[in-house]
Amino acid sequence: MTIQAYLNTLKGKRVAVIGIGVSNTPLLRLLLRAGVQVTACDRKDRDALGTVAAELESLGAELRLGRGYLDGLDHDVIFRTPGLRPDVPALAAARSRGSEVTSEMEVFFQVCPCKLAAVTGSDGKTTTTTIISELFKAAGYHTYVGGNIGKPLLADAAGMSEKDIAVVELSSFQLMTMERSPQIAVVTNLAPNHLDVHKSMEEYISAKENIFTHQIPSDKVVLNGDNSITRGFADKAPGSVTLFSRQEVLDQGVYLDGDAIWVSNAQGRRKVLPLDGILLPGVHNVENYMAAIAAVDGLVPDGIIRAFAKDFGGVEHRIELVRQLRGVSYYNDSIASSPTRTIAGLRSFHQKVILIAGGYDKNIPYDELGPEIVEHVKTLVLTGPTGPKIRAATESAPGFGPDSPVILERDTFAEAVHAAAESAQEGDIVILSPASASFDCFQNFMERGNTFKKLVHELD
């Protein structure tokens, strides 16, 4: 089905779009300009929405705002925002009355005319998605990038052709109700995450599995062979499976052997990317490259991979060098919203660092983070609701002793940044790597990272 054919099916129907944010504002414009009758629903009030409220009304939308924005949903088609569980009472009631509940991403998978590559996982999604998309671009493909990274792609579907490639990052929330899978699926790893929204780890894993469960035999799924959960997905995959491993030389797959990344497949064994040819620091980025190489194998020449890796400096908010001031290096790793992400960041440096951590509590455990902090951190600056949990995990870790590391607690984010700067000496590294979500103080990790960069640039 084309996007125009899909829009034609909505003519004469009442459509509700829940969430007037990054994911759904382009969707709202697309529907309204196609002449669809739309109700735009959001918990924010009119003042909080700003000029977008008047814009949507000028295009013909009815607005339903504030606390009762989900009351009485009875529309023919309801688009949910990714962060809203599909089984909330208002949606369940609407579904029982005959409403179809869908999402922007689900419809995009229905109408996308080109090859789809999708990436999910607990850590490394955005960097891996970016590497894959940039490699396809460098190889000459007309490439679209979106999903949980960048922008929604449904509005671009009309301009896509069969020869193009769309690369999307998918969150567990987007995947929960997906009934289609991409031709190339990548799962970077899995660890406890988002348990403030998901009812259990089992539900979280089940959502992630949706990235490949609807594949066909000619499709491919790329799995982390070093992660017990993702390696276990191999037996369930309908298509071909490519494992990648940093810890094991594989008979078939992508792996680390000595000082290079190798590929072994039906065509033989070959050296693809020397580690000293990767500009990005950290072993986790070696894994990101292995996942990307597995995804593009057979579609992107090895020479293009090597040329790209030596110049690619990474994605904003991911161990991003912000500034060097009086011999102190400041890094922004605001994307690190889970312990495993922060662990990867800490292991990227060859010295003990000053770590700023803490934030919104997603009800995930921090036990594994404590030993890593003891080993890699000289001063720990904590703030936010998860600060006490991170402190407890650190103080109970083997090897912890008095002032090992020094632990400071601050009430506000700004105070934490200033405390880290005040404790730094020439040669030190200060890194924001919160191991927590940002929602206690910020709309998202990007706002948190930008605030950190602003505070760092204001230091004198």
Side-chain angles (χ1 to χ4, degrees), residues 117-132 135 169 182 184-193 205 208-209 211-213 215 219-300 302 305-306 308-309 312 314 318-319 338-348 368 372:
V119 180
T120 195
S122 297
D123 305 320
K125 294 189 298 294
T126 300
T127 298
T128 302
T129 302
T130 302
I131 293 172
I132 291 170
L135 290 176
E169 176 187 320
I184 302 171
V186 179
V187 188
T188 58
N189 51 50
L190 277 181
N193 205 351
I205 292 171
K208 294 293 192 181
E209 287 179 341
I211 198 170
F212 67 83
T213 51
Q215 287 188 323
D219 295 335
K220 174 170 71 173
V221 61
V222 175
L223 302 172
N224 187 337
D226 298 333
N227 182 281
S228 60
I229 299 173
T230 54
R231 189 165 190 140
F233 288 170
D235 293 336
K236 304 178 181 180
S240 67
V241 175
T242 301
L243 296 179
F244 67 91
S245 174
R246 188 170 52 84
Q247 302 172 3
E248 178 184 355
V249 174
L250 302 171
D251 292 332
Q252 296 286 320
V254 180
Y255 53 89
L256 184 63
D257 188 5
D259 59 356
I261 296 173
W262 292 70
V263 171
S264 182
N265 56 28
Q267 286 72 49
R269 180 176 183 264
R270 69 186 196 276
K271 183 178 179 179
V272 176
L273 181 60
L275 297 189
D276 61 9
I278 299 175
L279 180 61
L280 284 179
V283 294
H284 62 297
N285 281 315
V286 173
E287 294 178 345
N288 292 336
Y289 267 102
M290 288 193 291
I293 289 168
V296 305
D297 189 34
L299 298 170
V300 176
D302 294 351
I305 295 172
R306 288 190 286 271
F308 171 80
F312 179 58
R318 291 152 183 84
I319 318 182
S338 66
T340 51
R341 283 184 184 270
T342 296
I343 290 169
L346 295 177
R347 291 178 178 176
S348 298
E368 65 178 334
E372 299 287 340

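The residues of the chain are indexed from 1 along the displayed sequence. Here the structure is a predicted model, which means the values were calculated and not measured.
- In the model, Thr127 has no side-chain atom that pairs as donor or acceptor with a side-chain atom of Asn285 under 3.5 Å.
- A distance of 9.0 Å separates CD in Glu169 from OG1 in Thr128, rounded to the nearest 0.5 Å.
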Quiz item: Where do Asp276 and Asp259 land on the side chain to side chain contact (heavy atoms under 4.5 Å, CB included) test, with the steps shown first?
Solution: CA-CA 8 Å; Asp276 61 9; Asp259 59 356; 5.8 Å; no

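- At least one donor-acceptor pair under 3.5 Å links the side chain of Thr188 to the backbone N or O of Asp123.
- The two residues Arg269 and Trp262 have their closest heavy-atom pair at NH1-CZ3, 3.3 Å.
- Using a 4.5 Å heavy-atom threshold, the side chains of Val272 and Val254 count as separate.
- The shortest side-chain heavy-atom distance between Lys271 and Asp257 does not fall under the 4.5 Å cut-off.
- If you run side chain to side chain contact (heavy atoms under 4.5 Å, CB included) between Val221 and each of Gln215, Lys236, Glu209, only Gln215 comes through.
- Considering every non-hydrogen atom in both Phe244 and Glu287, the closest pair reads CE1-O, 3.8 Å.
- Closest approach of Gly258 to Leu275, counting heavy atoms only: O-CD1, 4.3 Å.
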Quiz item: Which is it for Phe233 and Leu190 under the side chain to side chain contact (heavy atoms under 4.5 Å, CB included) test, yes or no, and what are the steps along the way?
Solution: CA-CA 11 Å; Phe233 288 170; Leu190 277 181; 3.5 Å; yes

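- Contact check for Ile293 versus Ile305: side-chain heavy atoms found under the 4.5 Å cut-off.
- Taking the side chain as every heavy atom from C-beta outward, Leu279 and Phe312 never approach each other to under 4.5 Å.
- The structure places CG of Asp226 at 10.0 Å from CG of Asn189, a figure rounded to the nearest 0.5 Å.
- In this structure, the separation between NZ on Lys208 and CD1 on Ile229 is 11.5 Å, given to the nearest 0.5 Å.
- In this structure, CZ on Arg306 lies 11.5 Å from CD1 on Ile261, to the nearest 0.5 angstrom.
- Looking only at side-chain heavy atoms (C-beta outward), Arg231 and Leu223 stay at 4.5 Å or farther from each other.
- When side chains are defined from C-beta on, Phe308 counts as touching Ile131, because their heavy atoms get closer than 4.5 Å.
- You'll find the side chain of Ile211 reaches within 4.5 Å of the side chain of Pro182, heavy atoms only.
- Atom OG1 of Thr340 and atom NE2 of His284 lie 11.0 Å apart (nearest 0.5 Å).
- Note: Arg246 CZ to Asn224 CG = 9.0 Å, rounded to the nearest 0.5 Å.
- Of all heavy-atom pairs between Tyr255 and Leu250, the closest is CE2-O, 3.3 Å.
- Residues Pro238 and Phe212 share a closest heavy-atom pair of CD-O, 3.4 Å.
- Listed here is the closest heavy atom pair of Glu372 and Leu346: O-CD1, 4.2 Å.
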